[in-house]
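Step one of this worksheet: look at the structure below.
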4 protein chains.
Amino acid sequence: MLPSPSEPSELSQPGQPTPQRRSEKSHRAILDAAMELCVEHGYGKVTVEAIASRAGVSKKTIYRWWPTKGAVLLEAVIELAGTTTGFPDTGDIAEDLHTQMTAVLDNVMTGPHATVYAGIIAETQHDATLADALRTQLLDPRIAAARARLLQAREHGHLAPGTDLTMLVDLLYGPLYYRLLLHLAPYSHARVRTHIDHVLRIFAPTPASP
Amino acid sequence: MLPSPSEPSELSQPGQPTPQRRSEKSHRAILDAAMELCVEHGYGKVTVEAIASRAGVSKKTIYRWWPTKGAVLLEAVIELAGTTTGFPDTGDIAEDLHTQMTAVLDNVMTGPHATVYAGIIAETQHDATLADALRTQLLDPRIAAARARLLQAREHGHLAPGTDLTMLVDLLYGPLYYRLLLHLAPYSHARVRTHIDHVLRIFAPTPASP
Amino acid sequence: MLPSPSEPSELSQPGQPTPQRRSEKSHRAILDAAMELCVEHGYGKVTVEAIASRAGVSKKTIYRWWPTKGAVLLEAVIELAGTTTGFPDTGDIAEDLHTQMTAVLDNVMTGPHATVYAGIIAETQHDATLADALRTQLLDPRIAAARARLLQAREHGHLAPGTDLTMLVDLLYGPLYYRLLLHLAPYSHARVRTHIDHVLRIFAPTPASP
Amino acid sequence: MLPSPSEPSELSQPGQPTPQRRSEKSHRAILDAAMELCVEHGYGKVTVEAIASRAGVSKKTIYRWWPTKGAVLLEAVIELAGTTTGFPDTGDIAEDLHTQMTAVLDNVMTGPHATVYAGIIAETQHDATLADALRTQLLDPRIAAARARLLQAREHGHLAPGTDLTMLVDLLYGPLYYRLLLHLAPYSHARVRTHIDHVLRIFAPTPASP
DNA sequence: AAGTAAGCGAGACGGTACGTCTTGTCTTTAA
DNA sequence: TTAAAGACAAGACGTACCGTCTCGCTTACTT
């Protein structure tokens, strides 16, 4: 194999700037500064100038690699959520869902990072580009993974054959986002379990008639 | 007597300015201008200056009565949603939910006003005061109304006795907001019906053992 | 005598409001408030609103009788200088000038009222109407009085026959205003005397030849 | 060596902004725009916004380098008067004074720029900082130059030995400012000559007793 | 090893909007 | 019926960020 760049789909701005002469030190400092600012002073206080200042970096450097402060935070959140990506497969779909959903809750929907995640989603309301990036880089892969796991469960007979996976995903995740974005109390781990049980009951496989 | 709040709770800034010497003409022009700007050019183009200019009003007049442009739009949205408030009571809980939920969808979650509503929710992520106002003035009354109707249904035996109303509301409305704010396709009226049926199935009253 | 108003040339706005039903109490309160504000907080802090507020008077009342805050202060200063108007006539022109000029210095060019007087003159630089009022109501009468006294001195042989009275007045008063408006130290009473002596020396009557 | 200040004293705001990365193009455009606005529409119409707009410059750029619109105009006037600075020395003090004083009259006390100069002096009545700047940067150097020339004349026997230079300067320049700021007709060149002759007569050297 | 071209820090720049202030007019309320 | 109280349109104030643009300096790829 030659030096194939092999990962062309950079999530930052793939514009003209170019190469791999990018300073990794600045890259890190920017992501960290953005995240810290958001956590410490709230999303509203995250400005490109503030990031630059705290990271000891020039504004130009930020604009060279990201189109928007939202993009910076998005990258930071993706990093954060990176660990949460995979679905486990223990054979017990309820258990696996619980594992994944509580991980999401703990990582980005409660605690200090909830602000960051909610802030990014907020920003996508006015920024179609960022909305695309959020979908492409964060949501779609995770939704796909969820559907894959659920599909497998359906095929294994743990869900009714005709189960509408889209609706199932909506019912599972919708309330989590609803509570995050409407400032309602987030689910506890226990409540997540109840929630999953309720939803799965809808799509339980044939009521096992004698 | 119904919980008619008899409208003492002004939704605008109840601060010092004072009384009812307020110009109703300006009030209207401001709400209209804000809504139009948002619909025509997007939430991002709604600035206090633009509202003032289009409404033929001075900025001071806006700041006298609202703390924030978000508060202006919130009042406009509340006005919009005002018609959607009540739950009908035909005796058929599924039907009544469908009536109310499609009204919400049509009024503020699809069409030109979706931008406005999503924009306000976005703004509440950075503005705790606005978040409070949204909750107090818009969400809480509607959630209470929904719970009241569901409670009645439970008492009439249309829902299982132990039904957790909070979770029921989460399951009903969560997916609507999830799809609005994550830029997924909104539900069609038909899909709302399916959705309601699925959710109610969870809490169906005792499997009727004759 | 009928109720002849007897003083038709009001120095305030001669506009439509007209009558003599004017509240003398408000009139006084406004003049006092304006003067106090200027003395206490500087000319810059004198706004119509501040005057109204301190005088317990509505803005409308001020605008009814004066066109400008400058006009209010002008009236106040005229009142102040009213006492200084007349020239004494002891027969000694140098002494009489000294009396008058030190009175002017003490009343409006030093002490707390210097700010007020300088401020009004400043305002006339941008306000032709006020400039006219200043000239007509304050300066011209005093210049005329000075010229009259000097003319008399010339006729009595205390000044050279061809003495240019205009230049004489310029030389006498110019330096006072120069020092006031350019923020140089004002003349002391003693220095005024020296100043007068110097200037009069120019126009001394014929050098008394044998 | 003459008191050549070698120009370390920047007349603009010497504050934090920093260096010589200043755009000379903007600098010029701002000074020109300010001066033009003042000449064309009067001092009152000179606002920072108007200057910025006409100069094609952002308000921030103005505030970065000057504390006040008055400071901008002051710099413009200083530039204007720059040419007038020096006193000639032909050996004839009356002639040299005439040269300098008519230059001042023509440059800043009559014609279109009189408004500007009078406006700045007006502004110093409410702005101590600007007053200082006016003194330090404009008046003091010129007064010093005048005194130097007069001192030399005294030493050469063209003025009486005990001549009070301060009073002499007051008498020479006072009437010019008095007429400028009190809206009286400015001196003509001929009248300046008469004026100088009169004043110098006071301090003529010993009556030449042969 | 020198040359060259990029990234980099710094920060000035033209803009836009902010939220506040004052002006002068107009309206409401109370005496 | 007058005047206080004060809301109003207008528009300048001085500040904060935006995103773009030089500057020199450093750093890492050429050749």
Side-chain angles (χ1 to χ4, degrees), chain A residues 16-27 29 44-53 55-69, chain B residues 16-23 25-27 29 44-53 55-65 67-69, chain C residues 17 19 21-23 25-26 44-50 52-53 55-64 66-69, chain D residues 16-23 25-27 29 44-53 55-65 67-69:
Chain A
Q16 320 82 320
T18 55
Q20 37 288 71
R21 303 163 102 215
R22 179 173 191 176
S23 155
E24 193 48 39
K25 205 174 114 215
S26 295
H27 190 166
K45 289 293 183 59
V46 182
T47 61
V48 174
E49 300 213 321
I51 298 173
S53 163
V57 138
S58 106
K59 285 164 61 179
K60 181 95 190 203
T61 300
I62 298 179
Y63 283 114
R64 186 159 20 234
W65 303 109
W66 293 274
T68 282
K69 73 179 177 191
Chain B
Q16 323 82 320
T18 51
Q20 36 287 73
R21 297 151 111 239
R22 178 173 192 176
S23 156
K25 205 173 115 216
S26 295
H27 190 166
K45 288 295 184 60
V46 181
T47 61
V48 174
E49 300 212 320
I51 297 172
S53 163
V57 137
S58 98
K59 285 164 60 180
K60 179 92 191 213
T61 299
I62 298 180
Y63 284 113
R64 186 162 15 238
W65 302 109
T68 280
K69 73 180 177 188
Chain C
R21 315 163 89 205
R22 178 172 190 178
S23 154
K25 205 174 112 218
S26 295
K45 289 294 182 58
V46 181
T47 60
V48 175
E49 301 216 319
S53 162
V57 138
S58 99
K59 285 163 62 178
K60 183 95 189 200
T61 302
I62 297 179
Y63 283 114
R64 194 171 357 250
W66 292 273
T68 282
K69 72 178 177 190
Chain D
Q16 324 81 320
T18 50
Q20 35 288 72
R21 295 149 112 241
R22 179 173 192 175
S23 156
K25 204 172 116 216
S26 296
H27 189 164
K45 289 294 184 60
V46 182
T47 60
V48 174
E49 299 211 321
I51 297 173
S53 163
V57 137
S58 98
K59 284 163 62 178
K60 180 86 194 216
T61 299
I62 298 179
Y63 284 114
R64 182 154 27 229
W65 302 109
T68 281
K69 73 180 177 188

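Side chains included, hydrogens not; waters and symmetry mates left out as well; all remaining heavy atoms used. Protein chains get the first letters and strands the later ones, always in sequence-line order, with residue 1 at the start of each.
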*Nearest 0.5 Å please: distance from the CH2 atom of B:Trp65 over to the CZ atom of B:Arg22.*
5.5 Å
*Considering residues at least two apart in sequence or located in another chain, which fulfil the side chain to side chain donor-acceptor pair (under 3.5 Å) criterion with A:Thr47?*
none
*Considering residues at least two apart in sequence or located in another chain, which fulfil the side chain to side chain donor-acceptor pair (under 3.5 Å) criterion with A:Ser26?*
A:Ser23
*For A:Ala29, what residues pass the side chain to side chain contact (heavy atoms under 4.5 Å, CB included) criterion, not counting sequence neighbours?*
A:Ala55
*Partner set under side chain to side chain contact (heavy atoms under 4.5 Å, CB included) for D:Lys60, not counting sequence neighbours*: D:Ser58, D:Arg64
*Could you tell me the separation between the CD1 atom of A:Ile51 and the P atom of E:dG9, rounded to a whole number of Å?*
14 Å
*Could you state the NZ-P distance from C:Lys25 to F:dT2, rounded to the nearest angstrom?*
17 Å
_Base contacts versus sugar-phosphate-only contacts with protein, heavy atoms under 4.0 Å: please encode nucleotides 13-20 of chain E as B, S and - from 5' to 3'._
BBB-SBBB
